[in-house]
Structures are given as structure tokens and as C-alpha cells.
Protein chains: 2
Amino acid sequence: MQKYVQLLKQNKIKITPQRLQIIQFLDTHHTHPTAEDTYKTLKKNNPALSRTTVYNSLETLRKHHIIQELTISGNEHCYDFKQGSHHHFLCRTCGLILDIDIKCPNQDRLLHNGHHIEEVHGYFKGLCKNCANKQKNKKVKP
Amino acid sequence: MQKYVQLLKQNKIKITPQRLQIIQFLDTHHTHPTAEDTYKTLKKNNPALSRTTVYNSLETLRKHHIIQELTISGNEHCYDFKQGSHHHFLCRTCGLILDIDIKCPNQDRLLHNGHHIEEVHGYFKGLCKNCANKQKNKKVKP
DNA sequence: TATTAAATTGTAATGATTACAAATTAGTAA
DNA sequence: TTACTAATTTGTAATCATTACAATTTAATA
């Protein structure tokens with residue numbers, strides 16, 4: 001927990017129990033939770049928690065680049081504490097979001113185009129291995 | 001206009017004036033319009049047009065990969081008629097979405113991972129050239 | 001310990017999208 | 001050309017994620 005305190009201090013953000021809980025949740029659940037996921041989970045141990053606080057905190061953490069906000073689904077924002085450049089895969093059937101550990105090789109080239117790049121998002125969408133197999137089996141059966 | 005008719009025929013989609021108007025709009029406005037943008041513009045020449053029709057049509061066109069649905073902003077879907085693989089840049093200040101004419105070199109590699117990739121989205125977010133310059137000038141002035 | 005700006009809370013509002021049922025229409029076959 | 005049917009369009013109402021806002025509370029500092 002102390003490492004989260006350090007993280008907030010380094011970023012000159014006020015240290016609140018809510019923020020620490022949110023960071024800890026994201027650090028221990030690399031499933032790319034939404035604000036609602038985060039709220040529902042943390043509400044169990046902290047019934048006084050407000051949904052607005054979760055939204056506000058996630059936004060603050062995002063602005064300081066402590067977490068990354070994914071717009072892969074288009075319906076809702078997902079959050080990722082994982083450090084380092086990586087991509088994501090979204091299954092259109094089960095909704096699973098997977099980490100794809102590759103880096104965009106074009107990233108550096110783009111910095112010289114006059115535009116100031118702050119975030120790089122690589123999204124792949126389709127059917128995950130599991131759902132692709134289920135799909136196949138369905139088609140085989142009469 | 002005939003080319004849009006062909007496009008729908010090839011995809012075995014019913015040809016309706018609404019769908020033709022929507023495709024034409026996207027083909028002649030490569031500004032990545034939202035459903036609402038599309039609705040408002042086409043409503044002028046066709047006051048009977050329904051917002052739901054625009055949403056339905058865009059979804060149909062997307063499912064047939066005639067248009068691409070971008071989730072770059074996180075607030076709303078944007079649509080792109082442009083053919084061929086390319087990426088996008090979103091300016092966080094002015095909201096402009098630019099085409100970035102590069103292809104993801106990892107695309108093929110991923111096909112061998114068990115997951116079935118249907119769409120590749122490369123999103124870069126930051127400050128566009130214009131907004132980056134304005135930002136600089138602001139800081140220089142006292 | 002007192003102060004103050006910032007954060008939290010709960011409720012209400014917003015905005016994009018979807019659900020749904022009735023009316024209309026495109027494509028097909030007689 | 002006409003009749004039929006399934007698909008599409010339309011308008012309204014609902015939903016869902018997110019934001020606005022004002023009152024209360026709290027973290028950081030002196």
C-alpha cells in the first residue's frame with residue numbers, strides 16, 4: 001500500500017483512502033475494469049463510497065498518466081494500471097479484453113509530424129481463441 | 001450514386017434512399033462524422049429522416065465492413081468510409097480526428113495467436129500541430 | 001490545532017444509444 | 001403489373017454511462 005502512497009506523492013496528488021483503494025484495485029485486477037466495475041467492487045468494503053468519486057479519481061489518475069483509459073469497446077471506458085507500451089484485444093462475443101504485448105513501431109516516427117502524441121492505443125477486435133472455437137463447433141453440428 | 005447501389009447489392013443489403021444518402025455523406029466527408037453529425041446534415045435535405053434510421057444504417061454498414069466504426073473518442077462513435085488500413089489521431093483540445101496513413105506491421109503476426117482478428121485500430125491521442133503551437137505561444141506570453 | 005483548498009458525497013441532469021411497436025417500403029414471385 | 005412478405009423506417013420512450021453541481025467532509029499546511 002505504501003507504494004501507492006509514494007505514487008500519489010510523486011504526482012503531487014492528495015492522498016485519500018478512496019484513491020488508494022482504486023489504485024490498489026486496478027493494480028491487482030488486470031482485467032481492464034470499468035468505472036462501474038471498480039465502484040461495485042470497492043463499495044462492498046466501503047459502503048460510503050460514491051460513484052462520482054470513482055469517476056473523479058479515475059480521471060485524476062488518468063490525467064497524471066498513472067493509469068491508462070481504454071476506449072476499445074466504445075460503450076464505456078476501461079482502465080489499465082499496467083505500465084509500459086502494449087496493445088489490447090477485444091472479443092466481440094464474450095467482451096474479454098486481453099493484453100497484447102507488442103509495441104507500436106510507428107510511435108517514434110509520428111513524433112516528427114508536428115503533432116504532439118501523448119497516448120498510443122493499439123486495439124484489435126474480433127473473436128478470441130475460445131469464442132472462435134465455439135463458433136467452429138457450432139457450424140459443424142447439424 | 002450508382003457505385004453505392006453496387007456496393008449494397010454486392011453485400012446483399014436492401015437498397016434504400018436513406019442508406020444511399022448515408023454512404024454518400026460518409027464518402028464525401030472524410031471528417032469522421034458521428035451518427036448525430038450524419039443525422040443533422042442529412043435531415044436538412046430529408047426532413048422525414050429518423051435518428052434511429054441513421055443508427056440502424058450505420059450499424060448495418062459496419063457489420064458488412066462497408067464503413068469502419070471508430071471508438072477513438074470514448075464519448076461517441078465516429079464513422080469512416082475510407083478503404084484500406086490506416087490509423088487515426090485525435091486532438092484532445094480541438095477534437096479533430098486526422099487520418100494517419102500507416103499500416104500496423106503487427107497485424108499479420110497476431111493472426112497466428114489463436115485469436116481471430118477482424119478489425120485493427122491504431123489511435124494516437126495528443127495535441128495536433130495547430131493546438132500544440134497555440135499552447136506554446138500561450139506559455140511565452142507573460 | 002486552525003485554516004483552507006481540494007476531495008467526497010448524493011442527487012439531478014445530460015448525451016449517446018437502444019428498445020419497441022406501428023407504418024411504410026424494397027424485393028420477389030405470380 | 002400486382003400482391004405479398006420480410007425488412008426497413010419512423011417516432012417515442014427507455015436505458016446506460018458520464019457529468020454537473022452544491023453541500024459536507026477531509027488532507028495538507030502553517
Side-chain angles (χ1 to χ4, degrees), chain A residues 1 4-23 25 32-43 45-64 66-67 69-79 92 95 97, chain B residues 1 4-23 25 32-43 45-64 66-67 69-79 92 95 97:
Chain A
M1 203 55 141
Y4 307 133
V5 173
Q6 287 308 316
L7 197 54
L8 294 181
K9 272 189 184 163
Q10 284 162 24
N11 283 274
K12 296 187 173 44
I13 308 173
K14 271 197 186 173
I15 294 151
T16 69
Q18 292 87 343
R19 286 173 178 170
L20 292 173
Q21 285 160 22
I22 290 168
I23 298 180
F25 174 68
H32 314 95
T34 63
E36 188 67 17
D37 293 337
T38 307
Y39 169 69
K40 280 199 182 137
T41 303
L42 297 181
K43 183 90 174 170
N45 288 320
N46 175 10
L49 182 67
S50 164
R51 188 178 272 108
T52 304
T53 298
V54 175
Y55 276 94
N56 288 342
S57 298
L58 290 170
E59 172 62 8
T60 299
L61 297 172
R62 184 198 66 75
K63 275 200 296 209
H64 287 83
I66 293 171
I67 60 175
E69 184 179 72
L70 308 182
T71 60
I72 191 167
S73 88
N75 310 323
E76 63 214 341
H77 295 154
C78 301
Y79 295 91
R92 72 167 151 85
I97 297 176
Chain B
M1 203 55 140
Y4 307 133
V5 173
Q6 287 309 316
L7 196 54
L8 293 180
K9 271 189 185 165
Q10 283 161 25
N11 283 273
K12 297 187 173 45
I13 308 174
K14 272 195 184 174
I15 294 151
T16 69
Q18 293 86 344
R19 285 173 179 169
L20 291 173
Q21 285 160 23
I22 289 168
I23 299 181
F25 173 69
H32 315 95
T34 64
E36 188 67 18
D37 292 337
T38 306
Y39 169 70
K40 280 198 181 138
T41 303
L42 297 180
K43 183 89 175 172
N45 288 320
N46 175 9
L49 181 65
S50 164
R51 188 178 271 108
T52 303
T53 299
V54 175
Y55 276 94
N56 288 342
S57 298
L58 290 170
E59 172 63 7
T60 299
L61 297 172
R62 183 197 67 75
K63 275 200 295 207
H64 287 82
I66 294 171
I67 60 176
E69 184 179 72
L70 307 182
T71 60
I72 191 168
S73 88
N75 310 324
E76 62 213 343
H77 295 155
C78 300
Y79 295 91
R92 72 166 152 85
I97 297 176

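- Here the C1' atom of nucleotide dA6(C) and the CG atom of N11(A) are 16 Å apart, to the nearest Å.
- Between G74(A) and P47(A), the residue anchored closer to the 5' end of DNA chain C is P47(A), taking for each the nucleotide with the nearest heavy atom.
- Extent of DNA chain D lying under 4.0 Å from chain A heavy atoms, first and last nucleotide in 5' to 3' order, is dA17(D) to dA28(D).
- dT8(C) atom P lies 11 Å from atom CG of L58(A), rounded to whole Å.
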Considering only distance and modelled atom types, tabulate donor-acceptor pairs under 3.5 Å from the side chains of residues 8-20 of chain A, sequence neighbours left out.
{"residue": "N11(A)", "atom": "ND2", "partner": "L7(A)", "partner atom": "O", "Å": "2.9"}
{"residue": "T16(A)", "atom": "OG1", "partner": "R19(A)", "partner atom": "N", "Å": "3.2"}
{"residue": "R19(A)", "atom": "NH1", "partner": "K14(A)", "partner atom": "O", "Å": "2.9"}

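- N45(A) contributes atom CG, which lies 8.0 Å from atom CD of Q21(A) (distance to the nearest 0.5 angstrom).
- The shortest heavy-atom contact between P33(A) and T38(A) is CB-OG1, 3.9 Å.
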Distances for protein N/O vs nucleotides 1-3 of chain C N/O pairs under 3.5 angstrom?
none

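- Annotation for S57(A) and I22(A): closest pair CB-CD1, 3.5 Å, computed over non-hydrogen atoms.
- Between H77(A) and T71(A) there is a side-chain heavy-atom pair separated by less than 4.5 Å.
- Partners of Y4(B) under the side chain to side chain donor-acceptor pair (under 3.5 Å) rule, at least two apart in sequence or in another chain, are D27(B).
- Overall bending of the helix from dT1(C)-dA30(D) to dA30(C)-dT1(D), expressed as the angle between end axes built from five pairs apiece, is 40° (10° steps).
- Evaluation of the side-chain contact (heavy atoms from CB on, under 4.5 Å) rule for R92(B) yields E118(A), L127(B) as partners, not counting sequence neighbours.
- With sequence neighbours excluded, the residues satisfying side chain to side chain donor-acceptor pair (under 3.5 Å) with E59(A) are R62(A).
- With rounding to the nearest 0.5 angstrom, the CD1 atom of I67(A) is 6.5 Å from the OH atom of Y79(A).
- Annotation: salt bridge (Lys or Arg N to Asp or Glu O under 4.0 Å) contacts involving residues 34-43 of chain B, sequence neighbours excluded, comprise E36(B)-K40(B), E36(B)-R51(B).
- At dA7(C), none of the side-chain N or O atoms of T53(A) fall inside 4.0 Å of OP1 or OP2 (strictly under the cut-off).
- To the nearest angstrom, C1' of dT9(C) lies 11 Å from CG of N46(A).
- Every residue meeting the ring-ring contact (aromatic ring centres under 6.0 Å, His included) condition with F25(A), not counting sequence neighbours, appears here in chain and number order: H29(A).
- Nucleotides of DNA chain C nearest to T34(B) and A48(A) differ in position, and the one nearer the 5' end is that of A48(A).
- Residue T60(A) is out of contact with every strand shown, counting any heavy-atom pair closer than 4.0 Å.
- Closest of all the heavy-atom pairs between C78(B) and I97(B) is SG-CD1, 3.7 Å.
- K43(A) places its NZ atom 12 Å from the C1' atom of dT8(C), with the value rounded to the nearest Å.
- Put simply, CG on L49(A) is 9 Å from C1' on dT9(C), counting in whole angstrom units.
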Please tabulate, one pair per line, each protein N/O and nucleotide N/O from nucleotides 20-24 of chain C that are separated by under 3.5 Å, including the distance.
none

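- Atom OG1 in T41(A) sits 12.5 Å away from atom CG in N46(A) (nearest 0.5 Å).
- When every heavy atom of S50(B) is checked against every heavy atom of Y39(B), the shortest pair comes out as C-CE1, 3.7 Å.
- The CD-C1' distance, from E76(A) to dG15(C), rounds to 16 Å in whole Å.
- OP1 or OP2 of dT17(C) sits under 4.0 Å from a side-chain N or O of Y55(B).
- T52(A) OG1 to L49(A) CG: the interatomic distance, rounded to the nearest 0.5 Å, is 9.5 Å.
- Between H77(B) and dT17(C) there is a side-chain polar atom (N or O) within less than 4.0 angstrom of OP1 or OP2.
- For DNA chain D, the residues of residues 12-20 of chain B within the heavy-atom distance limit of 4.0 Å (strictly under) are K14(B), T16(B), Q18(B), R19(B), sorted by number.
- Here the CG-CD distance, from L70(A) to E76(A), works out to 11.0 Å after rounding to the nearest 0.5 Å.
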